[in-house]
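What follows is a short report on a single structure.
Only heavy atoms go into these numbers, but all of them, side chains included; no hydrogens, no water, no symmetry mates. Quick note on labels: first sequence line is chain A, next is B, and so on, each numbered from 1.
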2 protein chains.
Amino acid sequence: MTTETIMVIDDDQDLRESIVEILEDNNFSVIGCETAEAALQQIRFEVPCLIIVDNMMPGMGGMAFLPLVKNDYPKIKVIMITAFSTVDNAVSAMKSGADDYLAKPFKRDELLVAVKRNLEVLKFEQQLSKPGMDETLACLSNPIRRQILAALSLKGEMRFMDITRHLGVSDHTKVNFHLKNLKANDLVSQDREKAYRLTAHGAKMVDYLHVLSQEIS
Amino acid sequence: MTTETIMVIDDDQDLRESIVEILEDNNFSVIGCETAEAALQQIRFEVPCLIIVDNMMPGMGGMAFLPLVKNDYPKIKVIMITAFSTVDNAVSAMKSGADDYLAKPFKRDELLVAVKRNLEVLKFEQQLSKPGMDETLACLSNPIRRQILAALSLKGEMRFMDITRHLGVSDHTKVNFHLKNLKANDLVSQDREKAYRLTAHGAKMVDYLHVLSQEIS
DNA sequence: CTATCTCGTGAAGTTAACTTCACAGAAATT
DNA sequence: AATTTCTGTGAAGTTAACTTCACGAGATAG
């Protein structure tokens, strides 16, 4: 289960506490704030993954609050609570960057559905920006490195000069450059006697590339 | 079936013609040459995918021939025919760049097995160096572009400024740069009313990225 | 009708990726 | 023992990728 924090901002104490309670009942970790200003302070100490904020509040309203948060933490999902469910309110909330909205009055289930939907979206997006994704894909995007992987996949184990000759590359230091890159990305390893071989991860990536090659051309 | 050309180089006319015949019986397109020198000329007109060359020949032998071919056409597979099946011969043939060897005398099936095995290896290697592979992987290796893909995958269709705000990028021209890249790689398209959406190919790539994200961490 | 927002181009400027070159110690050969 | 081959390092140099800036035409809103 996700144990990330959800922030609830509403000046109406009754509503705020009831939202907090509903969420806590569903095993979310929740922080309640009475004003947007207080929330901005609080975020500095603990960054929530989702914020539920009322549009109409004394002081800073949800609309003003939104860009401030999104600017510093674009990944945080924000659900706006709008007073009346006019189309205008909803549209303007979404246009100014809200990820979702709840029209007052809303039911317990509507709240939970919205929260869970947005957490799913967050999870989806985070998968594609996983650390290591960049490096791995960039590493695989080079034809020489893929050729090295292919060669190692077929022969199992190769020495440095064997690889260089096998690729027909004139400058051996170029091969060395790419081997270092492959090692840094944990696709290739070097054993006791200096021989290069695929790591388990490297072997998986070779499989992955073959599957991918079906889709390409 | 593969209809690529195989080249057979042997000064012994009987052996050469019998190899050619065996291969032609198996629906390969074959060119026979009596000398390595003649073969080098011939290659300029038609590049074979595999060469079977005798080690011992008057004039240029297989050992001298090998580096000349591999230098200009590193992808061509070369099977060396060695006179005696001593370990030395085999090892030195492989060390100088031969992909496989056949010890005289060899049987019809030994020849066919070796040829087919090497064509399989060739196919394997070619899959990983398919054109378009580079560009696609490089395109996917950028986090902003993956975020755009994720957003389009979730929302189905987005306008330019919606994407820009959704990513929390201050400079819209940066987003434009990456969108152009995605369009150039056929992952994203733009319809009549300027709205961006995933192409079929782009949607598949999003799926593949999710598969990959399982493999990564 | 003026002002703002949208969506885009193109030219620098910057950073990262890749290549090439010069050199060198360790290992294997002769 | 001398020499070649193997396996590297590190410093330029080059090219490609990305970012930023300046500008503008067309739509939309006030």
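Whole-Å rounding puts the A/Leu137 CG to D/dA17 C1' distance at 16 Å. Nucleotide C/dC7 holds its C1' atom 14 Å from the CD1 atom of B/Ile148, rounded to whole Å. To the nearest angstrom, C1' of C/dG8 lies 9 Å from CE of B/Met161. Computed from coordinates, the B/Leu179 CG to C/dG8 P distance equals 8 Å when rounded to whole Å. As a whole-Å value, the separation of A/Ile144 CD1 from C/dT20 P is 9 Å. A straight line from CE of B/Met158 to C1' of C/dC7 spans 15 Å, rounded to a whole angstrom. Between the CZ atom of B/Phe177 and the P atom of C/dA16 there is a distance of 14 Å, rounded to whole Å. Atom CG of A/Asp162 is separated from atom C1' of D/dG8 by 16 Å (rounded to the nearest Å).
Look at A/Asn142 and you'll find a side-chain N or O under 4.0 angstrom from OP1 or OP2 of C/dC18. At D/dC6, none of the side-chain N or O atoms of A/Tyr196 fall inside 4.0 Å of OP1 or OP2 (strictly under the cut-off). Not one side-chain nitrogen or oxygen of A/His178 sits closer than 4.0 Å to the OP1 or OP2 atom of C/dA17. One finds no side-chain N or O of A/Lys180 lying less than 4.0 angstrom from the OP1 or OP2 phosphate oxygen of D/dG8. Phosphate proximity of C/dG8 to B/Arg159: absent, as no side-chain N or O sits under 4.0 Å from OP1 or OP2. Within the structure, every side-chain polar atom (N or O) of B/Lys174 is placed at least 4.0 Å from both OP1 and OP2 of D/dC18.
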Query raised in the report: Could you walk me through whether B/Ile148 and B/Tyr196 pass the side chain to side chain contact (heavy atoms under 4.5 Å, CB included) check?
Result: CA-CA 10 Å; B/Ile148 294 176; B/Tyr196 292 91; over 6 Å; no

Check: residues 176-188 of chain B side-chain donor-acceptor pairs under 3.5 Å, at least two apart:
unit_1	atom_1	unit_2	atom_2	d
B/His178	ND1	B/Arg145	NH1	3.1
B/Asn181	OD1	B/Asn185	ND2	2.8
B/Lys183	NZ	B/Gln190	OE1	2.9
B/Asn185	ND2	B/Asn181	O	3.0

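Between B/Asp99 and B/Lys75 there is no salt bridge, since no side-chain N of the basic residue sits under 4.0 Å from a carboxylate O of the acidic one.
With hydrogens and angles left out, the side-chain atoms of B/Glu215 and A/Tyr208 include no donor and acceptor closer than 3.5 Å.
Proximity of residues 181-194 of chain A to DNA chain D (heavy atom under 4.0 angstrom from any strand atom) is restricted to A/Gln190, A/Lys194.
The closest side-chain heavy-atom distance from B/Arg146 to A/Leu137 is below 4.5 Å. Proximity of A/Met133 to B/Ser213: side-chain heavy atoms (C-beta onward) are separated by under 4.5 Å at one or more points. Between B/Met80 and B/Met63 the shortest side-chain heavy-atom distance falls below 4.5 Å.
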Query raised in the report: Which letters describe nucleotides 21-30 of chain D, given B = protein heavy atom under 4.0 Å from base, S = only from sugar-phosphate, - = neither?
Result: BB--------

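A salt bridge (charged side-chain N to carboxylate O under 4.0 Å, His left out) with B/Asp100 is found for one member of B/Lys77, B/Lys116, B/Arg117 and no other, namely B/Arg117. With B/Lys104 as the fixed residue, the side chain to side chain donor-acceptor pair (under 3.5 Å) test singles out one of B/Asn55, B/Asp54, B/Asp12, B/Thr82: B/Asp54.
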